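Written below as structure tokens is the structure these notes are about.
Here the structure is a predicted model, which means the values were calculated and not measured. Atoms within a ligand are numbered from 1 in the order they appear, just like the ligands themselves.
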Amino acid sequence: MSVTQPGVERAPSPAPQAAPSGPRDTGPADDSVALTTRHLSVWYGSVLALKDISINIPKNKITALIGPSGCGKSTLLRCYNRMNDLILGARMDGEIWFDGGLISAPGTDSVALRRRIGMVFQKPNPFPKTIYNNIAWGARINGFRGDMDDLVEKSLRRAALWDEVKNKLHRSGLDLSGGQQQRLCIARTLAVEPEVILMDEPCSALDPISTARVEDLMDDLKADYTIVIVTHNMQQARRVSDMTACLMLDEAASADGHRTGILAEFSPTDLLFTNPKDKRTEDYITGRIG
Ligand SMILES: Nc1ncnc2c1ncn2[C@@H]1O[C@H](COP(=O)(O)OP(=O)(O)OP(=O)(O)O)[C@@H](O)[C@H]1O
């Protein structure tokens with residue numbers, strides 16, 4: 001899908017976006033879609049980082065975001081749980097819908113949103129706490145009042161880590177290997193029972209065996225969760241994802257060292273890698289541009 005929309009370089013007014021008027025708009029009614037992104041553009045200060053992105057992230061599938069460095073993959077990912085709000089000067093225009101709510105609108109409760117749309121980062125970042133408390137702490141501050149032992153075990157099992165740590169739950173999470181730490185972070189995310197899990201290059205710091213374990217886990221998790229993963233590894237995108245969005249640098253808009261990303265193509269992964277519709281996608285996946 002080639003995306004060219006006139007006029008989108010214009011920076012939006014810093015004034016808050018007006019809430020939809022009239023009868024409450026509940027967004028697109030398609031049960032197979034978890035997140036609908038319409039004409040999303042993102043600025044850092046006056047720099048347009050992402051231009052006019054429209055994609056539907058399917059429910060209970062894995063969607064990969066690929067593309068050259070600086071094309072805005074992480075920026076797009078962070079829009080889905082409003083992590084960009086934490087970056088001074090970042091702002092977005094356009095719409096993101098989730099479960100009938102316009103989550104891109106001002107006034108969205110980003111803390112509540114992040115409970116439903118969790119995130120796993122590039123570098124495993126367990127808390128400097130015990131394995132048990134890595135799970136329990138987040139659940140507790142999110143109001144969990146049930147059987148904590150049960151929740152810890154369930155989350156660790158779901159993240160395929162239980163057998164490796166069940167006899168050392170009160171050792172520090174930092175004592176685990178990198179791959180185990182990443183699965184602990186996934187377990188911590190699962191403990192809050194999100195609906196969507198965003199993963200920003202979750203395997204880039206891991207060895208091939210740990211990577212394979214996380215990929216197997218992702219495949220297992222998609223029965224219950226929607227997953228969006230940023231990856232530089234095209235083989236990984238091919239192995240794990242159902243849909244792939246290939247972002248590209250917009251040559252016309254990227255200037256003075258600033259980079260603007262656009263969507264080149266959003267297709268089922270097997271099609272994108274075997275029969276890309278867009279020449280830029282083809283050039284990227286065949287290594288002609290990087
Ligand atoms: N906090 C920030 N402040 C200012 N500009 C930023 C910030 N984060 C990202 N950018 C800019 O936005 C653009 C997109 O960056 P982003 O990290 O989203 O791209 P990416 O495709 O994920 O890159 P990479 O593959 O190298 O991780 C880049 O030009 C980057 O310099």
Side-chain angles (χ1 to χ4, degrees), residues 1 3 8-12 14 35 37 39-55 57 62-94 96 104 110 114 117 119-125 182 185 196-206 211 214 227-238 240-241 243-266 269 272 276 278 280-281 283-290:
M1 172 187 349
V3 181
V8 288
E9 283 96 339
R10 177 176 40 82
L35 287 153
T37 319
H39 303 297
L40 181 76
S41 295
V42 181
W43 285 258
Y44 293 109
S46 60
V47 176
L48 178 62
L50 208 52
K51 181 171 116 176
D52 197 28
I53 306 292
S54 295
I55 54 176
I57 303 289
I62 301 178
T63 298
L65 307 180
I66 65 167
S69 185
C71 67
K73 302 177 294 295
S74 299
T75 295
L76 176 58
L77 198 72
R78 289 195 298 262
C79 287
Y80 289 131
N81 69 348
R82 302 286 301 248
M83 288 285 283
N84 283 333
D85 291 5
L86 305 174
I87 298 173
L88 196 67
R91 64 187 191 280
M92 61 178 160
D93 190 32
I96 304 177
S104 53
S110 49
R114 287 178 207 137
I117 305 184
M119 193 154 192
V120 175
F121 297 88
Q122 181 171 6
K123 194 168 171 294
N125 59 347
Q182 195 59 303
C185 294
V196 179
I197 306 175
L198 308 174
M199 296 184 161
D200 196 350
E201 297 187 54
C203 301
S204 65
L206 306 185
T211 296
V214 172
I227 297 177
V228 188
I229 175 176
V230 167
T231 180
H232 274 284
N233 180 334
M234 281 184 273
Q235 294 311 318
Q236 177 169 65
R238 234 180 144 158
V240 301
S241 71
M243 294 292 294
T244 296
C246 182
L247 304 185
M248 272 300 137
L249 294 172
D250 181 0
E251 299 301 337
S254 302
D256 304 330
H258 297 138
R259 293 171 161 213
T260 298
I262 50 172
L263 179 65
E265 179 166 351
F266 182 51
T269 298
L272 187 135
D278 191 285
R280 294 163 299 179
T281 308
D283 287 348
Y284 179 68
I285 63 175
T286 54
R288 281 197 285 272
I289 50 176

Could you tell me whether a side-chain N or O of Ser41 sits under 3.5 Å from a main-chain N or O of Asp52, the two making a donor and an acceptor? yes

Not counting sequence neighbours, which residues clear side chain to side chain donor-acceptor pair (under 3.5 Å) with Asn84? List them please. Arg78

Contacts of Arg82 that satisfy salt bridge (Lys or Arg N to Asp or Glu O under 4.0 Å) - sequence neighbours left out: Asp85

For ligand 1, the residues whose heavy atoms come within less than 4.0 Å (ordered by chain, then number): Tyr44, Ala49, Pro68, Ser69, Gly70, Cys71, Gly72, Lys73, Ser74, Thr75, Arg78, Ile87, Glu201, His232, Arg259

Can you list the residues that meet the side chain to side chain donor-acceptor pair (under 3.5 Å) rule with Ser241, with sequence neighbours excluded? Thr244, Thr269

Using the rule given for side chain to side chain donor-acceptor pair (under 3.5 Å), can you reason through Ser74 versus Asp200, listing the C-alpha separation, both sets of side-chain angles and the distance that settles it, and then say yes or no? CA-CA 7 Å; Ser74 299; Asp200 196 350; 3.1 Å; yes

May I ask you to test the Ser204-His232 pair for a side-chain heavy-atom distance under 4.5 Å? no

